[in-house]
*Asks:* 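Let me begin by handing over the structure; questions about it come next.
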Amino acid sequence: MKIAVLHDLVKPGAAPDLQDNLAQTGYVSLLLKKLGHQVFRTPFCETGFQGKSVSTNILFNQKPDLVFNLVEAPKDQGRLIHMAPLLLERLGLCYTGSGVKALMSTSNKLWAKRILRSAGLPTPDWLHPTMDGAGGGVQAGAFILKSVWEHGSFGLDNDSVMDHPGLGEVKNQMRLRADKYGGDWFAERFIFGREFNLSLLASETGAQVLPPAEMLFTGYSDHEYQLVDYAAKWEPQNPHFDGTRRRFDFGMADSNLLLLLKHYTRQCWKLFGLRGWARVDFRIDEEGSPWILEVNANPCLAKDAGFMAAVKRAGLKPEQAVDFIIKDAFSARREKADNQRSLLHAGKNKRQNAVMA
């Protein structure tokens, strides 16, 4: 099968979190070739000529059977992540992973939190500069400052957490972050406690939850908050880069907690209409209650990423996971075609009944 791997256009000297897109592109391409597919890579680029983008021209000329969509930040902006599936749908191409709506609703953290809250799923209270109060009511305690759209721990450091600030100070710090990093920022109630990541992989029997992983924080001083900030995630020279690691082994004392986390994870898959692969991030408070922090519709598939670590822990080979993702893409395409036929059939019957009446 001829497969195009669509990825970000990464400029020379780009930040490590942007360069990581090329690392996963290379690894996924290798796995696809291992499965026997013909593979070519193309960056998602909107600039072109005669009204057509470079991506449109390449995909139109190459005519792939499938597009493996790894686009995360067109023009280095997470808010544009939905542009790739929009193009692929316009071209009528089959592609992997979640669709436009799922990518938009999960990439916008505030949108995602509202959807979670409306579905009765636990997510920490939040505050945005345009709000008079926090989602669910202003709570005393610590807040963490986050980008609304950008992922990969963008802009996160130890100063991102504010312990018992006033409402005015929280709003002021959100404005300062926006001035420093650009984009839109919000504050979320910081959950002191354990951190878990649960990955999902599509299969023939539905989405399967891969073995849960807990992030362990070692070497953090008393004045440092335990979180995977930008330096811990992307800067090997930082002591916290090796001080954050994941574990998959748990005792019986955590069995009920893990069952609940898996239940919430499956609910997120259904709620947001996710496809292919995904990840849900949790924090567990000091009372043992879980809180959903984020839903990632396209977590990194690089060799050393957490998703592939969970795949291996589940006893699967990385190429098997990629094959599951490919099969789910064609399944989604068939479901969409069936739904369109059903709508056309229903509309035809409605018109015929109107004529007969």
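Sequence positions, counted from 1, serve as the residue numbers for this chain. Atoms considered below: every heavy atom in the structure, side chains included; atoms not considered: hydrogens, waters and symmetry mates. Computed from a prediction, not measured in an experiment: that's the story for all the values here.
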*Asks:* Decide whether L70 and V322 are clustered together by the hydrophobic rule: side chain heavy atoms of Ile, Leu, Val, Met, Phe, Trp, Tyr closer than 4.5 Å, transitively.
*Replies:*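 Yes, because L70 and V322 connect within a single hydrophobic cluster, where side-chain heavy atoms sit under 4.5 Å apart.
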
*Asks:* Is there a side-chain contact between R246 and L216 in this structure, where contact means two heavy atoms from C-beta onward sitting under 4.5 Å apart?
*Replies:* no

*Asks:* Give, for atom CG of L127 and atom CD of E188, the distance between the pair rounded to the nearest 0.5 Å.
*Replies:*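 L127 CG to E188 CD: 11.5 Å, rounded to 0.5 Å.
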
*Asks:* Output the distance between atom CG (L200) and atom CG (N296), rounded to the nearest 0.5 Å.
*Replies:* 11.0 Å

*Asks:* Can you tell me if T42 uses its side chain to pair, donor with acceptor, with the backbone of S55 under 3.5 Å?
*Replies:*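 No; judged by distance alone, with no hydrogens or angles, the pair does not exist.
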
*Asks:* Do the side chain of S118 and the main chain of I115 share a donor and acceptor less than 3.5 angstrom apart?
*Replies:*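 Yes, because the side chain of S118 sits within donor-acceptor range (under 3.5 Å) of the backbone of I115.
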
*Asks:* For A213, does its backbone N or O pair with a side-chain atom of N197 as donor and acceptor, under 3.5 Å?
*Replies:*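 Side chain of N197 to backbone of A213, a donor-acceptor pair under 3.5 Å: no, none is there.
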
*Asks:* Do F186 and Y230 belong to the same hydrophobic cluster, where Ile, Leu, Val, Met, Phe, Trp and Tyr are linked whenever their side-chain heavy atoms lie under 4.5 Å apart, directly or via other members?
*Replies:*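 No: no chain of side-chain contacts under 4.5 Å links F186 to Y230.
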
*Asks:* So which heavy atom on P212 is nearest to which on F248, and how close?
*Replies:*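 In this case the closest contact between P212 and F248 is O-CD2, 3.2 Å.
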
*Asks:* Within the supplied structure, the quantity of interest is the number of heavy atoms (other residues, nucleotides, ligands) at a distance under 6.0 Å from K101 NZ; does it exceed 12?
*Replies:* no

*Asks:* Say whether, by atom type as modelled, one donor and one acceptor occur between the side chain of W234 and the main chain of A15 under 3.5 angstrom.
*Replies:* no

*Asks:* Evaluate the side-chain proximity of L271 to L116: yes if any heavy-atom separation is below 4.5 Å, no if none is.
*Replies:*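 Contact flag for L116/L271 side chains = yes.
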
*Asks:* Is it true that L91 and V67 fall in one hydrophobic cluster, defined by side-chain heavy atoms closer than 4.5 Å?
*Replies:* yes

*Asks:* Could you tell me which non-hydrogen atom of P165 sits nearest to which non-hydrogen atom of G141, and how far apart they are?
*Replies:*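 Looking at all heavy atoms of both residues, the shortest contact is CD-O, 3.3 Å.
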
*Asks:* Do D76 and L18 touch side chain to side chain, with heavy atoms closer than 4.5 Å?
*Replies:*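 Result yes, sub-4.5 Å side-chain heavy-atom pair found.
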
*Asks:* Side chains of F330 and L66, heavy atoms from C-beta outward: is any pair under 4.5 Å?
*Replies:*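 Sidechains of L66 and F330: in contact.
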
*Asks:* When you look at K262 and Q267, which way does the side-chain contact (heavy atoms from CB on, under 4.5 Å) test go after all the steps?
*Replies:* CA-CA 9 Å; K262 291 177 181 179; Q267 284 188 297; over 6 Å; no

*Asks:* Less than 4.0 Å between a side-chain N and a carboxylate O, is that true for R194 and E214?
*Replies:*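 A salt bridge links E214 with R194.
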
*Asks:* Would a hydrophobic clustering, with Ile, Leu, Val, Met, Phe, Trp and Tyr connected at side-chain separations under 4.5 Å, put L260 with L198?
*Replies:* yes

*Asks:* Drop me the distance from L293's CG to L227's CG, to the nearest 0.5 angstrom.
*Replies:* 10.5 Å

*Asks:* For R117, is there any backbone N or O sitting under 3.5 Å from a side-chain donor or acceptor partner on T123?
*Replies:* no

*Asks:* Please report the C-alpha distance between V170 and M174 in whole Å, then the side-chain angles of each, then the deciding distance to 0.1 Å, and finally whether the side-chain contact (heavy atoms from CB on, under 4.5 Å) criterion is met.
*Replies:* CA-CA 6 Å; V170 175; M174 284 189 280; 4.0 Å; yes

*Asks:* Quick check: does any side chain N or O of T96 sit under 3.5 Å from a backbone N or O of I326, one acting as donor and the other as acceptor?
*Replies:*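 Such a contact is absent between T96 side chain and I326 backbone.
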
*Asks:* For a quick check under 3.5 Å, do E150 and Y181 share a side-chain donor-acceptor pair by atom type?
*Replies:*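 Note: E150 and Y181 side chains miss the donor-acceptor criterion.
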
*Asks:* Find the distance between CZ (R333) and SG (C94) and round it off to the nearest 0.5 Å.
*Replies:*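 Atom-to-atom, R333:CZ and C94:SG are 5.5 Å apart.
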
*Asks:* Under 4.0 Å between a Lys/Arg side-chain N and an Asp/Glu carboxylate O for K109 and D184?
*Replies:* no

*Asks:* Ignoring hydrogens, what is the shortest heavy-atom contact between K233 and G152? Give both atom names and the distance.
*Replies:*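 So the minimum-distance heavy-atom pair works out to NZ-CA, 3.9 Å.
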
*Asks:* Testing K303, K33, K34 one by one against E319 for a salt bridge (Lys or Arg N to Asp or Glu O under 4.0 Å), which residue passes?
*Replies:* K34

*Asks:* So do I191 and F282 actually touch side chain to side chain, heavy atoms under 4.5 Å?
*Replies:* no

*Asks:* Taking side-chain hydrogen bond (donor to acceptor under 3.5 Å, both in side chains) as the test, write out the residues that go with S203, two or more places apart.
*Replies:*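 side-chain hydrogen bond (donor to acceptor under 3.5 Å, both in side chains) list for S203, sorted by chain: T205.
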
*Asks:* Less than 4.5 Å apart, any side-chain heavy atom of F143 and any of D125?
*Replies:* no

*Asks:* Does F68 have any ring pair (Phe, Tyr, Trp, His ring centres under 6.0 Å) partners at least two apart in sequence or in another chain, and if so, which?
*Replies:* W277

*Asks:* Once you round to the nearest 0.5 Å, how far does OG of S221 lie from NE2 of H240?
*Replies:* 6.5 Å

*Asks:* From the options R279, K113, K146, select the one residue that forms a salt bridge (Lys or Arg N to Asp or Glu O under 4.0 Å) with E294.
*Replies:*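 Result: among R279, K113, K146, K146 is the only option passing the salt bridge (Lys or Arg N to Asp or Glu O under 4.0 Å) with E294.
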
*Asks:* Taking D328 for its side chain and A202 for its backbone only, find out whether a donor-acceptor pair lies under 3.5 Å.
*Replies:* no

*Asks:* Over all heavy atoms of both residues, which pair between A102 and S98 is shortest? Give the atoms and the distance, please.
*Replies:*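 It is CB-CB, 3.7 Å.
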
*Asks:* Do S199 side-chain atoms and L210 backbone N/O form a donor-acceptor pair below 3.5 Å?
*Replies:* no

*Asks:* When you measure from the side chain of Q19 to the backbone N and O of A14, does any donor-acceptor pair fall under 3.5 Å?
*Replies:*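 The answer is yes, because a donor-acceptor pair under 3.5 Å joins these two groups.
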
*Asks:* Do the side chain of N61 and the main chain of N57 share a donor and acceptor less than 3.5 angstrom apart?
*Replies:* yes

*Asks:* Hey, are H37 and D65 close enough side-chain-wise for a donor-acceptor pair under 3.5 Å?
*Replies:*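 No, H37 and D65 have no side-chain donor paired with an acceptor closer than 3.5 Å.
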
*Asks:* Does K327 have any side-chain hydrogen bond (donor to acceptor under 3.5 Å, both in side chains) partners at least two apart in sequence or in another chain, and if so, which?
*Replies:*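 Counting only residues at least two positions away or on another chain, K327 forms a side-chain hydrogen bond (donor to acceptor under 3.5 Å, both in side chains) with D323.
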
*Asks:* For E169, check side-chain hydrogen bond (donor to acceptor under 3.5 Å, both in side chains) against everything at least two apart and list the hits.
*Replies:* Q173

*Asks:* Using the ring of F60 (Phe, Tyr or Trp, six-membered ring only), decide whether K63 places NZ or CZ under 6.0 Å from its centre and within 45 degrees of its axis.
*Replies:*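 Ring-cation test returns yes.
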
*Asks:* With side-chain contact (heavy atoms from CB on, under 4.5 Å) as the criterion, how do F40 and Q62 come out once you've worked through the C-alpha distance, each side chain's angles and the decisive distance to 0.1 Å?
*Replies:* CA-CA 9 Å; F40 70 94; Q62 291 288 339; 3.3 Å; yes

*Asks:* Using side-chain heavy atoms (C-beta onward) and a distance below 4.5 Å, is M1 in contact with L32?
*Replies:*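 Not in contact.
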
*Asks:* From the options Q24, H151, H7, select the one residue that forms a side-chain hydrogen bond (donor to acceptor under 3.5 Å, both in side chains) with E72.
*Replies:* Q24

*Asks:* If hydrophobic clusters are built by linking Ile, Leu, Val, Met, Phe, Trp and Tyr wherever their side-chain heavy atoms come under 4.5 Å apart, do V295 and W111 end up in the same one?
*Replies:*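 Linked within one cluster.
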
*Asks:* Identify the heavy atoms of A178 and G183 that sit nearest to each other, and give their distance.
*Replies:*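 Closest pair (atom of A178, atom of G183, distance): CB-O, 3.6 Å.
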
*Asks:* Name all residues meeting the side-chain hydrogen bond (donor to acceptor under 3.5 Å, both in side chains) criterion together with W291; count only those two or more places apart in sequence or in a different chain, and write none if there are none.
*Replies:*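 Per chain and number, W291 pairs via side-chain hydrogen bond (donor to acceptor under 3.5 Å, both in side chains) with D285.
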
*Asks:* Hey, are the side chains of W185 and R175 touching, using non-hydrogen atoms and a 4.5 Å cut-off?
*Replies:*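 No, their side chains stay 4.5 Å or more apart.
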
*Asks:* Could you give the distance from NE2 (H263) to CG (L259), rounded to the nearest 0.5 Å?
*Replies:* 10.5 Å

*Asks:* To which residues is L103 joined in a hydrophobic cluster, defined by side-chain heavy-atom contacts under 4.5 Å among Ile, Leu, Val, Met, Phe, Trp and Tyr, whether direct or through other members?
*Replies:*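 For the cluster that includes L103, the remaining residues are I81.
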
*Asks:* Is the gap between the ring centers of F217 and Y225 under 6.0 Å?
*Replies:* no

*Asks:* Do Q38 and I3 pass the side-chain contact (heavy atoms from CB on, under 4.5 Å) test, and can you show the C-alpha distance, the side-chain angles, and the key distance before you say yes or no?
*Replies:* CA-CA 6 Å; Q38 180 186 350; I3 298 179; over 6 Å; no

*Asks:* Compute whether any side-chain donor of one residue and acceptor of the other, for S160 and R177, lie under 3.5 angstrom apart.
*Replies:*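 On atom types as modelled, these side chains qualify, holding a pair under 3.5 Å.
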
*Asks:* Looking at every non-hydrogen atom in both residues, tell me the closest pair between D8 and P43 and how far apart they are.
*Replies:* O-CB, 4.2 Å

